[in-house]
There are 2 protein chains.
Amino acid sequence: MVEQQTRQLDAVFHALGDATRRQMLRDLASGERTVGQLAGPFPISLAAASKHIQALERAGLVRREVRGRTHWCRLDAMSLAAAHRWLRDYERFWTDHLDALEQVLREEDARHPPTQDGDDR
Amino acid sequence: MVEQQTRQLDAVFHALGDATRRQMLRDLASGERTVGQLAGPFPISLAAASKHIQALERAGLVRREVRGRTHWCRLDAMSLAAAHRWLRDYERFWTDHLDALEQVLREEDARHPPTQDGDDR
DNA sequence: GCTATTCTCAACCACATGGTTGAGCAACAG
DNA sequence: CTGTTGCTCAACCATGTGGTTGAGAATAGC
């Protein structure tokens, strides 16, 4: 069960780790979209877009409904809720410890001014 | 600039998309750890663990300080805060458009009090 | 029926990722 | 000085990922 959840998280974060898919999600937030519509903004083949959508489905972020010859996609609220919940908990998990860290960092910043360069490495 | 942000997000989500790295982050939340300590729980070589840590660094989630021959790692609060902020915005972006989602979350919160120690591994 | 549209699938390619081993550097312990 | 420890780096391997093209299934339109 935990195993299952882990794989779900892997899939969700993997799905979010690609700018194309993030934009598709953003697009879907305003309503249903066909595969073609989702692919539209990108300079990639329909087949490539189809694979991205499959990745989103695998992560449970998107549901698909076939009507006629067109496939309509929409965000999957249930799975989104799970991701939401996890992220929220994870954030708290971090921020609980960030208070301590922030103090350390503030001390450091005091004698070691903010490195504001591009930070690219 | 947006470009830069996109790549940062790619790196962050990619880093979170691996259970080994998620556990390392969880481990780091309780304090500094050496590379060896972080690698400890996993049945992989030190070199492999080192690569995972480098991925976390690339995402800006972890900072490293070399003291003597040991490398001490800790969460990078600045980058973490940025990720935190982005996730929160993204969540709102979604929930604004998903009435169903909010209801689901409210129901879950009601019968499923904050799960500390989410155990995602 | 015939054609055009929407979309998936399979095969393929280049490159990234996660793992290994072996070499080697730097620093602590004796 | 010598040996051990902590860690990185380089080379290599298997697999995964994102892209392509070409073929084909199914539906819509005429």
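Quick note: numbers below take in every heavy atom, side chains included, and nothing from hydrogens, waters or symmetry partners. This is a predicted model, so every value here is computed, not measured. Chain letters run A, B, ... following the sequence lines, proteins first and then strands; every chain starts at 1.
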Q | Given DNA chain C, 5'-ward residue of the pair A/Lys51 and A/Trp72, judged by closest heavy atom | A | A/Trp72

Nucleotide nearest [X] when distance is taken to its side chain, options [options]:
X	options	answer
B/Val35	D/dC7, D/dT20, C/dT20	D/dC7
B/His71	C/dC7, D/dC7, D/dG19	D/dC7
B/Arg21	C/dG18, D/dC7, D/dG18	C/dG18

Q.
Quick check on C/dC7: is either OP1 or OP2 less than 4.0 Å from any side-chain nitrogen or oxygen of A/Ser50?
A. no

Q) With respect to the phosphate group of D/dG19, does any side-chain polar atom (N or O) of A/His52 fall under 4.0 Å of OP1 or OP2? A) yes

(Q) Check this for me: does the side-chain of A/Arg69 come within 3.5 Å of the base of C/dT6 through a donor and an acceptor? (A) no

Q) Between atom CD in A/Gln54 and atom P in D/dG18, what is the gap in whole Å? A) 12 Å

**Q.** First encountered from the 5' end of DNA chain D, between A/Ala49 and B/Ala47
**A.** B/Ala47

Q | Side chain proximity check, A/Ile44 to A/His52, heavy atoms < 4.5 angstrom | A | yes

Q) Do A/Asp76 and A/Glu57 have side-chain heavy atoms sitting under 4.5 Å apart? A) no

Q. Between A/Arg67 and A/Glu65, does at least one N-O distance fall below 4.0 Å, as a salt bridge requires?
A. yes

